[in-house]
Protein chains: 2
Amino acid sequence: MAKRVGISDVATAAGVSVTTVSHALSGQGNLSAKTREHVQRVAGELGYAPNRIASALRRQRSGIVGFVSDEIATTPFAGRIVLGAQDAAAERGLLLMLVNSNRDDRVEAQQIDSLLDQQVDAFVYARMSHGLVSLPAKLAGLPTVVVDAENPDGGAPWVVPDEVGIGRTATERLLAAGHRRIVHISVDAPGPGVDGRILGYRRTMAEHGLEPHVFTVPEPADASAGRETFEAALAAVPDLTAVFCFNDPMAMGVYQIAAERGMCVPDDLSLIGVDNLEVIAAQLRPGLTTVGLPHYEMGRWAIEQLSAMIGDPEWSSNRSQVELACPLIERGSVASPRKDTGRA
Amino acid sequence: MAKRVGISDVATAAGVSVTTVSHALSGQGNLSAKTREHVQRVAGELGYAPNRIASALRRQRSGIVGFVSDEIATTPFAGRIVLGAQDAAAERGLLLMLVNSNRDDRVEAQQIDSLLDQQVDAFVYARMSHGLVSLPAKLAGLPTVVVDAENPDGGAPWVVPDEVGIGRTATERLLAAGHRRIVHISVDAPGPGVDGRILGYRRTMAEHGLEPHVFTVPEPADASAGRETFEAALAAVPDLTAVFCFNDPMAMGVYQIAAERGMCVPDDLSLIGVDNLEVIAAQLRPGLTTVGLPHYEMGRWAIEQLSAMIGDPEWSSNRSQVELACPLIERGSVASPRKDTGRA
DNA sequence: GTGAAAGCGCTAACAC
DNA sequence: GTGTTAGCGCTTTCAC
């Protein structure tokens, strides 16, 4: 590789000092427009790009944000958060350094140490499912924002999906299609995600004077849980016409039982999931109408907050706590009930 | 945050020079065991950790590997590669800097520039589906390994799944269960992945004196493609008893048609997919037997190669090209054919 | 308006 | 064995 061109090469070529080059390129100081332009042109011709390592050492700021996540390899969720964070970071000249712990606190601590040695300026602390976290002590000294989790005892800003809104959106969609006997299937895993969706469902049903029916089984919230809870629901509410599922894998389980019993989605049974896992929702037949989770947006939001916090001595006063709205993704699993046998 | 402790703090506290501290911690030079030990203890007590930015500037080596991928957000594949790479990197004191282009060459070029400014020591150039790539010119100067793609015109080492082996493994499994009328469904998208699996299937069938049947439709290789090709297969080979599917989403499509026609998996129809996408394969009923792709292993391999190449003036002579074996993941979609109506 | 020079925290010749 | 010192490439203060 040709040796990288440095600031002094540019200075020599432009016939000015390194100071002038630095000022010309960073927009600092008072340079004549002519000099500035000249230097920029020369730098461009030489293909100069500042060495960020040297710059970081001098400025005591690396321009790197550490991204710590509990896992990255089972769903595409992490990818969506990273994508949002990366886009926002690129717009601001920041770079992301990813690290993941596979839910092992020891590994996590080591990874955080590596990032600290690397002089990262700030941290994104991301979870893949909405729960409660307390931050590792090591993060206390740097701007940190928590993604897809709440940090009740700490002072870090956080961003999560609006879970109650999800329950409301799904239930209202089913109501709007004319359904009255709508059940919600979920899991026994108290936490903001499960509880919020149940609450949104219950409230919306109550507002319409309808009786809520919630069925749960122990975690995990997968297709098998969907099958079990749906069968329980059918036994208890035989004339149900619609199901709001905690997530897409559970909805997949409902499709399976429906097929087995000769129930046709959406004519005999309307279904709404949550997650918008393309790999499931778009592959089912008919496509699954589902509520999308704002992973991309949460990633963006985190970097937007951090970039304002970096270099701000008052950063720790940022205590924003945001719930992001979740869009309904229409596919084909909701229709009007075939025969509305009257009020519930 | 308390000011970070530096090497000179350790030197003062230990009553030695910074050189001695540097040597004691890096294992360089000749120090008396006593001094070395003493310094290490003091450093530990002070919680000293070297500033890698300063070290990088001085050594002209950042310890960072740039990880460039075409996409990270639609399947968990990227996550698995990253995981493997990260584990291997952590073992070697390397850190990963991820960047992804969403298949946009302009974005990719910019991202690579950022990594270069950051003085990364080497690159992983990863694709999410096995194809052919030529490397961006910018990568020419640094050790680079290509993951899940081949680099026919370049000199970079690469690692890919053994696609022919996948076709063979799947076909042999079906043969071993007693099937003879086995079809392969795939897509019209020539490339190592599609072609290799077809070849492995054809060869294995030929070795057993059986007639191969391959059905394809245009991309994408999703459930819809699975439904179409399977219906075509049924029309052409009505007494088929087993299907080897190009990937798991296509297999999902086959389940759908099978359910519709009252065919029971695996009793009336055995199925094997490829991908081991948990989110599909483990959620189908019965679980889908599938051939797993070695994403984690490919990520590890890439870093292992790179770490040997970093700092080796002869690095460009590394032209390893590896095809990694792919494991059969047994779930429940393969059984013996119900009635073997004789030879094909 | 422009430039000289002092470091950022570390490593590695080299001297003792 | 241990210490002195000269940078790595940049930013920024301060002098001109």
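All chains are named by letter (A, B, ...) in the order of the sequence lines, taking the proteins before the strands, and each is independently numbered beginning at 1. In this text, all values refer to a predicted model and were calculated from it rather than measured experimentally.
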task: Establish, with yes or no, whether the OP1 or OP2 oxygen of C:dT11 is under 4.0 angstrom from a side-chain nitrogen or oxygen of B:S22.
output: yes
task: Ignoring backbone atoms, establish whether A:Q60 has a side-chain N or O less than 4.0 Å from OP1 or OP2 of C:dG9.
output: yes
message: B:R127 and salt bridge (Lys or Arg N to Asp or Glu O under 4.0 Å): which single residue from B:E150, B:E108, B:E71 fits?
response: B:E108
- prompt: Checking only heavy atoms, does the side chain of A:S17 share a donor-acceptor pair with the base of C:dA4 at less than 3.5 Å?
  reply: no
query: Using a heavy-atom cut-off of 4.0 Å to chain B, what are the terminal contacting nucleotides of DNA chain D, in 5' to 3' order?
result: D:dG1 to D:dG9
Would you mind reading off the distance between [X] atom [atom1] and [N] atom [atom2], rounded to a whole angstrom?
X     : N      : atom1 : atom2 : value
B:L25 : C:dG9  : CG    : P     : 17 Å
B:H23 : C:dC14 : NE2   : P     : 13 Å
A:I7  : C:dA4  : CD1   : P     : 13 Å

field: Test item: side-chain donor near acceptor, B:Q40 and B:Y48, under 3.5 Å
entry: no
message: Students often get this wrong, so: under 4.0 angstrom with heavy atoms, is A:N51 touching a base, only sugar-phosphate, or nothing?
response: sugar-phosphate
- request: Just call it for A:T19: base, sugar-phosphate, or nothing, with non-hydrogen atoms closer than 4.0 Å on any strand.
  value: base
Main-chain N/O of [Y] paired with [X] side-chain donor or acceptor, under 3.5 Å:
X      : Y      : result
A:T35  : A:L31  : no
A:T144 : A:A140 : no
A:N318 : A:S320 : yes
B:T20  : B:V16  : no
B:D121 : B:S62  : yes

Rounded distance (nearest 0.5 Å) linking atom CZ of A:R103 with atom CG of A:D105: 11.5 Å
task: Please list, by residue number, the residues of residues 31-41 of chain B whose heavy atoms come closer than 4.0 Å to an atom of DNA chain D; answer none if no residue qualifies.
output: B:L31, B:S32, B:T35
message: Can you identify which nucleotide, out of C:dA5, C:dG1, C:dT11, has its nearest atom closest to the A:V18 side chain?
response: C:dA5
message: Surrounding CD of B:E37 (heavy atoms of other residues, nucleotides or ligands, distance under 6.0 Å), is the total greater than 12?
response: no
